[in-house]
Amino acid sequence: MKEYDGRIRLVVKHYPYKYRDFSHIAAEASLAALDQGKFCEMHEYLLKKSPRLDKASLISYAKELGLDLPKFTDALDTMKHIKIIERDKKLAVDMDLYNTPTFFINGRKVVGNRPYEYFKKIIEEELK
Amino acid sequence: MIHPIIEIQNAKSLRLAAAVICLVALLVTTASAAHLESLKIPPVPADNPQTLEKIELGKKLFFDRRLSGDGTMSCVTCHDPETGYSDRLAISLSYPTTKNWRNSPSLINIAYNNPLFWDGRAKSLEEQALFPMMSAFEMNQNLDFLEEELKGVPEYVDAFQKVFGGEITRQRIAMALASFERTIISRNAPLDKFLDGDNNALTPEQKKGYEIFTGKGKCTQCHSGANFTDNKFYNIGVPDNPVLINDPRVTATMRFTAKVSGYKEYRSLTEDPGRYLVTKDKKDWKAFKTPGMRELDLTAPYMHNGVFETIDDVIEFFSRGGGVDKNKTPLLAPLNLSDAEKQSLKAFLLEALKGEVTVVKMPDVP
């Protein structure tokens, strides 16, 4: 994002894995962090710390990020953003997507983790 | 010349192709070592003849996520028609929460390959088809359960009855999948035309590459026949992918595979033993199957673990005489190709072996 500052836009959609214990609450954690302006930071934590994504661990990550813990915890307890999460899941199913991560770069579908250079090549092509 | 090629989206050509396959299956010529041949009719086992209905059934199963334990993966997940019947990843996609440890090979012209898998553990496509379904880190499905699950789908019950004259079994699932996979073919590449006598089929650059491939490069020592493989196994010193030891989930997959293969020291394993896990013969340590070479632009990254991202990387590797390993095949020695020779070889590999690939559209999965 830094390399293409102002030229590209990243939109993240949630697709918590249905058989994973903490995937839904982790999605909620990222949105609760978004409320406090720390989505990217929390997202990084989630990827780095997975599969330690139980509630206590998520709260400890929020603490390390300096978030308002009562607000954050309340969001987890009430699944404050569940409608957004369910909306995103429906979008994935409607698009016949089942694998995470799946990327669309100007409509070009890329499935699975890829090295940075892989994305860079596509982005450069799309920016031409 | 009649080709058994199936344009899957066209029912009329499907019927014709299936009929042709039935008629000419016995005329297959076996690729002999150390020289190249134009593409011929693919071999079809006598106990699983190609029929239109079976191919269609196999295609539906190929796209059906019921074949995986959690319903998120089909064969297409790792063998996507839109990405060269592979997934364009160094290490193949895997069952959610697990990691794979090897590259997903393209299915293009897989009908000509035998044995199957990088380590050759399956002797036929029929045998191969069940492995990924059962694998804990691939589709993670229980085959007894799958049989019952498919028996609950009336369209499948009818289709199996029509195709096989009986109920759904794992063997018949595999036979249908194999029949479909035999239709995934790249044909009419410039080299095929050249080998069939059209001297103008290759550009001058491609022809130079061809001469290097068959001469100085000694590539046909292993990449021979119509699909550019002798179907044998070699240790060429490919470096291990660092994820084998850097990612605990990949390490777990490697050691699990070694464990179920009967390798006693699996807990301390830090490298991919390759064919050794199948034969337990020391000469096969880190030996992998010679891959076919058609449609190479679609099937990167290369090698059993995807460590080479481009065909240039591969050419450099062989120009150096391969990698370093105490068990490396004596067939490899430095070639010291010039830059011009490398470019010619690249043109040959990427352009002269590129033909018309079977187009597959997603069917209506019941």
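Lettering follows sequence order; numbering is per chain, from 1.
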Toward chain B: residues of residues 27-45 of chain A with heavy atoms under 4.5 Å: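 Not one residue of residues 27-45 of chain A has a heavy atom under 4.5 Å from chain B.
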Salt bridge (Lys or Arg N to Asp or Glu O under 4.0 Å) against A:Asp77, all qualifying residues, sequence neighbours excluded: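 Salt bridge (Lys or Arg N to Asp or Glu O under 4.0 Å) list for A:Asp77, sorted by chain: A:Lys55.
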Which portion of B:Leu93 sits near chain A, non-hydrogen atoms under 4.5 angstrom: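 Just the side chain, heavy atoms under 4.5 Å.
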Those residues that, when tested against A:Asn106, pass side chain to side chain donor-acceptor pair (under 3.5 Å) (two or more places apart):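 With sequence neighbours excluded, A:Asn106 shows a side chain to side chain donor-acceptor pair (under 3.5 Å) to A:Glu126, given in chain and number order.
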Please tabulate, one pair per line, the donor and acceptor atoms of chain B and chain A that lie under 3.5 Å from each other, or say none if there are none.
{"residue": "A:Tyr17", "atom": "OH", "partner": "B:Asp70", "partner atom": "OD2", "Å": "2.4"}
{"residue": "A:Lys18", "atom": "NZ", "partner": "B:Asp70", "partner atom": "O", "Å": "3.2"}
{"residue": "A:Asp96", "atom": "O", "partner": "B:Arg65", "partner atom": "NH2", "Å": "3.4"}
{"residue": "A:Asp96", "atom": "OD1", "partner": "B:Arg65", "partner atom": "NH1", "Å": "3.1"}
{"residue": "A:Asp96", "atom": "OD1", "partner": "B:Arg65", "partner atom": "NH2", "Å": "3.4"}
{"residue": "A:Arg114", "atom": "NH1", "partner": "B:Asp87", "partner atom": "O", "Å": "3.3"}
{"residue": "A:Arg114", "atom": "NH1", "partner": "B:Arg88", "partner atom": "O", "Å": "2.6"}
{"residue": "A:Arg114", "atom": "NH2", "partner": "B:Asp87", "partner atom": "O", "Å": "2.9"}

